[in-house]
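Please read the structure below before turning to the comments.
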Amino acid sequence: IWEMNDLCPRDGWPAVLLIHGGGWREGSWRDFESFGPQLSRKGFMVAAMDYRLAPEHPWPAQLEDVLEAIAFLRSQLTDPDRLAVWGHSAGGHLAMMAALSKPEWVRCAVALGAPSSLESLDASEVEGVFGTVPLDEASPVTMSTEESPPILLVHGTADRICPIDQAREHARQRAGVTLFEVPDGDHGIRWPPLGALRARRHAVNW
């Protein structure tokens, strides 16, 4: 957990939980070692998490761990009404699923290069992860909720892993979902450099 300083606000810190990508099979909280402190300098308590990985731990173990991490973060010196989740790729999918599963816990979610519809992915991307769970039941775009927090999708138009059409469909279907497109952007939101930098700054400001 990264904090800006020890002077906790009266209502607690606004907080951000960072969720790594890696296709639900790999990755680590260490992916955010440089980004976490950048956010903390803006006045947030920032935490990055690990979660159980497939195929040893099939879905919904990953989502269960994210919800457990959110519950833990809410028990710290945080403002429970100002907790955001942020993730890339599979981590962005988990951020959206957590926000839609527990809207009373999550103020907003940022998902970069994340699948809104698992059915839009190549079969190799989901094999060994979701078992017998129907993919639409684990897809943010098809989750039914009465209320949902604001969600920002940051997506490259040249993403070859998660086609941008499914992000566009999610933004069309669900109120409160905003899509920021990165022209010619890749899956990692690293290319083209200037557009990727602009997109990440937009997401942080959002």
- According to a 4.5 Å side-chain heavy-atom criterion applied to Ile, Leu, Val, Met, Phe, Trp and Tyr, with indirect links allowed, do Val177 and Ile164 form part of one hydrophobic cluster? no

Between side-chain atoms of residues 53-61 and protein atoms elsewhere (two or more places apart, or another chain), which donor-acceptor pairs fall under 3.5 Å?
none

- Item | Same cluster (ILVMFWY, side-chain, under 4.5 Å), Leu67 and Val106 | yes

- Residues at least two apart in sequence or cross-chain that pass salt bridge (Lys or Arg N to Asp or Glu O under 4.0 Å) with Arg52, listed by chain then number, are Glu64, Asp65

- salt bridge (Lys or Arg N to Asp or Glu O under 4.0 Å) involving Asp31 - partner list, sequence neighbours excluded: none

- Spacing of Asp11 atom CG and Leu77 atom CG [to the nearest 0.5 Å]: 12.0 Å

- Message: I'd like to know if the side chain of Tyr51 reaches the main chain of Leu94, judged simply by a donor and an acceptor atom lying under 3.5 Å from each other, with no hydrogens or angles considered.
- Response: no

- For the atom pair CD (Glu169) and CG (Leu179), what is the distance rounded to the nearest 0.5 Å? 11.5 Å

- All side chain to side chain donor-acceptor pair (under 3.5 Å) counterparts of Arg168, not counting sequence neighbours: Asp165, Glu181

- Message: Which heavy atom of Phe72 sits nearest to which heavy atom of Ser75, and what is that distance?
- Response: O-OG, 2.5 Å

- Got a sec, which residues hit ring-ring contact (aromatic ring centres under 6.0 Å, His included) with Trp24, two or more places apart in sequence or on another chain? His93, Phe130

- Check salt bridge (Lys or Arg N to Asp or Glu O under 4.0 Å) between Glu125 and all other residues, then give those that pass, not counting sequence neighbours. none

Under 3.5 Å, side-chain donor or acceptor atoms of residues 95-102 against the rest of the protein: list the pairs with distances, not counting sequence neighbours.
| unit_1 | atom_1 | unit_2 | atom_2 | d |
| --- | --- | --- | --- | --- |
| Ser101 | OG | Met97 | O | 2.6 |

- Message: Taking Ser117's backbone N and O only, do any of them form a donor-acceptor pair with Gln166's side chain (distance below 3.5 Å, no angle check)?
- Response: yes

Which donor-acceptor pairs under 3.5 Å do the side chains of residues 189-205 make with protein atoms, sequence neighbours left out?
| unit_1 | atom_1 | unit_2 | atom_2 | d |
| --- | --- | --- | --- | --- |
| Arg200 | NE | Ile189 | O | 3.3 |
| Arg200 | NH2 | Gly188 | O | 3.0 |
| Asn205 | ND2 | Arg201 | O | 3.3 |

- Message: Going by the rule ring-ring contact (aromatic ring centres under 6.0 Å, His included), which residues pair with His88 if we only count those two or more places apart in sequence or in a different chain?
- Response: His187

Pairs of donor and acceptor atoms involving the side chains of residues 141-158, under 3.5 Å and at least two apart or interchain, shall be tabulated with distances.
| unit_1 | atom_1 | unit_2 | atom_2 | d |
| --- | --- | --- | --- | --- |
| Thr142 | OG1 | Asp136 | O | 2.4 |
| Thr142 | OG1 | Ser139 | O | 3.2 |
| Thr145 | OG1 | Arg174 | NH1 | 3.2 |
| His155 | NE2 | Asp159 | OD2 | 3.4 |
| His155 | NE2 | Cys162 | O | 2.7 |
| Thr157 | OG1 | Asp184 | N | 2.7 |

- Message: Is the shortest side-chain heavy-atom distance between His170 and Pro140 below 4.5 Å?
- Response: yes

- Message: I need the Gln76 CD to Leu73 CG distance, nearest 0.5 Å.
- Response: 7.0 Å

- Calculate, to the nearest 0.5 Å, the distance between atoms CG and CZ belonging to Asp50 and Arg30 respectively. 8.5 Å

- Message: Going by ring-ring contact (aromatic ring centres under 6.0 Å, His included), name the residues that satisfy it together with Trp105, two or more places apart in sequence or in a different chain.
- Response: none

- Task: Could you pull out all residues at least two apart from Glu137 that satisfy side chain to side chain contact (heavy atoms under 4.5 Å, CB included)?
- Result: Val133, Pro134

- Message: Working note: Leu83 + Val16, criterion side chain to side chain contact (heavy atoms under 4.5 Å, CB included); need CA distance, chi angles, decisive distance, verdict.
- Response: CA-CA 6 Å; Leu83 191 152; Val16 182; over 6 Å; no

- Query: Taking side chain as C-beta onward, heavy atoms only, is Trp29 less than 4.5 Å from Leu18?
  - Reply: no

- Message: With a sphere of 6.0 Å drawn around CD of Glu119, does it hold more than 12 non-hydrogen atoms of other residues, nucleotides or ligands?
- Response: yes

- Task: Apply the test side chain to side chain contact (heavy atoms under 4.5 Å, CB included) to residues Ile70 and Val85: give CA-CA distance (whole Å), side-chain angles for both, the deciding distance (0.1 Å), then the verdict.
- Result: CA-CA 9 Å; Ile70 293 173; Val85 287; 3.9 Å; yes

- Nearest-0.5 Å distance, CG of residue Leu17 to CH2 of residue Trp86: 12.5 Å

- Can you check side chain to side chain contact (heavy atoms under 4.5 Å, CB included) on Met49 and Val66, steps first, answer last? CA-CA 8 Å; Met49 66 170 291; Val66 171; 3.9 Å; yes

- Message: On a heavy-atom basis, which atom in Ala90 and which in Gly22 lie closest, and how many Å separate them?
- Response: CB-N, 4.4 Å

- Taken to the nearest 0.5 Å, the spacing of Ser120 OG from Ile161 CD1 works out to 11.0 Å

- Query: Can you tell me if CD on Glu127 sees more than 12 non-hydrogen neighbours from other groups inside 6.0 Å?
  - Reply: no

